[in-house]
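Here's the structure we're looking at; comments come further down.
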Amino acid sequence: MKFAIALFSPPHSPSSRRALRFSEALLSGGHDIIRIFFYQDGVYNASANIVMSQDECDLTNEWREFIKQHRLDGVVCIAAALRRGILDEQEVQRHNRPTSTPNLSEGWSLSGLGQFHEAAQQADRLICFGGH
Amino acid sequence: MARSMLIITRHSPWSGTSAREALDVVLAGGAFELPLGLLFLDDGVFQLISPQHPSSIQQKDLTANLQALSLFGIDELYASNRSLAERGIAADSLSLPVKIMQDDELTALIKRYDHVITI
């Protein structure tokens with residue numbers, strides 16, 4: 001079955017951990033993930049600047065590895081990302097922030113909400129995490 | 001055939017970005033002419049009060065964005081009667097032509113859509 005995953009909560013929330021574990025279980029079970037879309041505070045999961053203590057679950061790193069390993073389509077809503085300080089190289093240039101370093105994690109791309117709707121149209125199931 | 005989506009918005013317009021970001025999902029889907037519905041639930045019904053004076057807390061007026069819904073052809077707009085009543089909001093004072101739904105009607109409404117998301 002084709003799944004689309006949407007995540008709306010930050011990396012320290014239980015929903016974000018559940019979203020990742022659910023996504024891992026999908027692939028283990030032979031399903032496809034056509035897109036993972038981060039929106040609202042979920043965009044923080046794609047930040048390269050989150051630093052966890054060594055003995056704590058490093059979810060942003062796990063997401064990055066998961067996306068990379070399975071070559072998934074990881075999309076971060078650009079409007080939600082910009083207002084939360086998640087920028088890629090292009091946005092650093094566009095908004096003229098010479099002192100900023102791009103902090104969008106490797107493997108993710110910034111794009112619009114149309115990507116969310118497109119995934120919802122194409123998938124057999126849309127599963128959202130962290131909405132409230 | 002395009003899949004339908006019901007977006008449930010549960011936050012007041014002054015409590016952060018949730019109301020705005022729920023509306024953005026709706027308007028983005030409207031741009032693709034998708035069959036969408038928008039349900040104002042719980043504190044989300046505060047978005048329907050008119051007039052609002054957000055400039056006094058340095059915020060933008062969401063009411064103007066709500067008026068864009070009809071331009072995008074989104075006319076499946078709903079509000080929970082219980083949510084309105086609990087907050088003392090009169091159904092005839094709202095800034096959008098929403099259908100007022102009783103609890104049992106909400107159950108049927110949610111069941112009718114292919115996708116349901118809460119923001």
Side-chain angles (χ1 to χ4, degrees), chain A residues 1-10 12-16 18-19 22 32-47 75-86 109-132, chain B residues 1-47 58-60 62 65 68-69 72-74 76 80 83 110-119:
Chain A
M1 204 177 256
K2 290 188 290 185
F3 283 80
I5 304 292
L7 175 57
F8 305 136
S9 59
H12 52 262
S13 85
S15 310
S16 298
R18 282 196 284 268
F22 182 82
D32 293 322
I33 299 175
I34 61 164
R35 183 166 294 149
I36 298 177
F37 191 87
F38 286 176
Y39 190 50
Q40 297 203 286
D41 283 355
V43 303
Y44 290 121
N45 287 280
S47 169
V75 178
V76 178
C77 172
I78 187 165
L82 287 179
R83 64 168 71 103
R84 290 170 178 84
I86 313 289
S109 60
L110 295 178
S111 192
L113 279 165
Q115 299 279 312
F116 169 74
H117 284 293
E118 187 188 68
Q121 290 298 314
Q122 291 174 352
D124 298 308
R125 295 278 188 280
L126 165 68
I127 313 288
C128 299
F129 293 85
H132 56 270
Chain B
M1 205 175 114
R3 286 173 203 196
S4 60
M5 181 184 286
L6 178 69
I7 292 99
I8 303 178
T9 179
R10 298 184 53 232
H11 297 270
S12 71
W14 59 84
S15 63
T17 57
S18 282
R20 165 75 192 279
E21 291 183 327
L23 184 59
D24 283 349
V25 170
V26 180
L27 294 176
F32 292 101
E33 299 183 356
L34 297 173
L36 301 178
L38 177 59
L39 166 63
F40 297 85
L41 187 68
D42 297 331
D43 278 354
V45 297
F46 281 124
Q47 297 174 40
Q58 296 82 53
Q59 298 298 305
K60 275 168 70 176
L62 199 71
N65 299 48
L69 287 166
F72 282 82
I74 297 157
E76 292 182 42
S80 155
S83 300
I110 288 167
K111 223 172 165 177
R112 216 172 71 208
Y113 286 83
D114 297 320
H115 297 306
V116 179
I117 71 166
T118 303
I119 291 190

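Quick note on labels: first sequence line is chain A, next is B, and so on, each numbered from 1.
Atom CZ of B:R112 is surrounded by more than 12 heavy atoms from other residues, nucleotides or ligands within 6.0 Å. Heavy atoms from other residues, nucleotides or ligands lying under 6.0 Å from CD of B:E33 number 12 at most.
Between B:H11 and A:H132, the ring-plane angle classifies as perpendicular under the 30° and 60° cut-offs.
Counting heavy-atom pairs closer than 4.5 Å to chain A, the top residue among B:V116, B:T118, B:T17 is B:T118. With chain A as partner, the option from B:L36, B:D114, B:L34 having the largest number of non-hydrogen pairs under 4.5 angstrom is B:L34.
With a 4.5 Å cut-off on non-hydrogen atoms, B:R10 touches chain A through its side chain but not through its backbone. If you measure heavy-atom distances from B:D42 to chain A, you find no contacts under 4.5 Å at all. The part of A:A123 that comes within reach of chain B is its backbone (N, CA, C, O), which places non-hydrogen atoms under 4.5 angstrom from that chain. When heavy atoms are compared at a cutoff of 4.5 Å, B:T9 does not approach chain A at all. Both the backbone and the side chain of B:I119 come within less than 4.5 Å of a heavy atom in chain A. Using a 4.5 Å cut-off between heavy atoms, B:I8 does not touch chain A at all.
One finds the CE atom of B:M5 at 5.5 Å from the CG atom of A:L126 (value rounded to the nearest 0.5 Å). A:L113 contributes atom CG, which lies 8.5 Å from atom CD of B:E21 (distance to the nearest 0.5 angstrom).
At least one donor-acceptor pair closer than 3.5 Å links the side chain of A:H117 to the backbone N or O of B:V25. Put simply, the side chain of B:H115 gets close to the backbone of A:A120: a donor and an acceptor are under 3.5 Å apart.
Contacts of residues 32-40 of chain A with chain B at a heavy-atom distance below 4.5 Å involve A:Y39, A:Q40, listed in sequence order.
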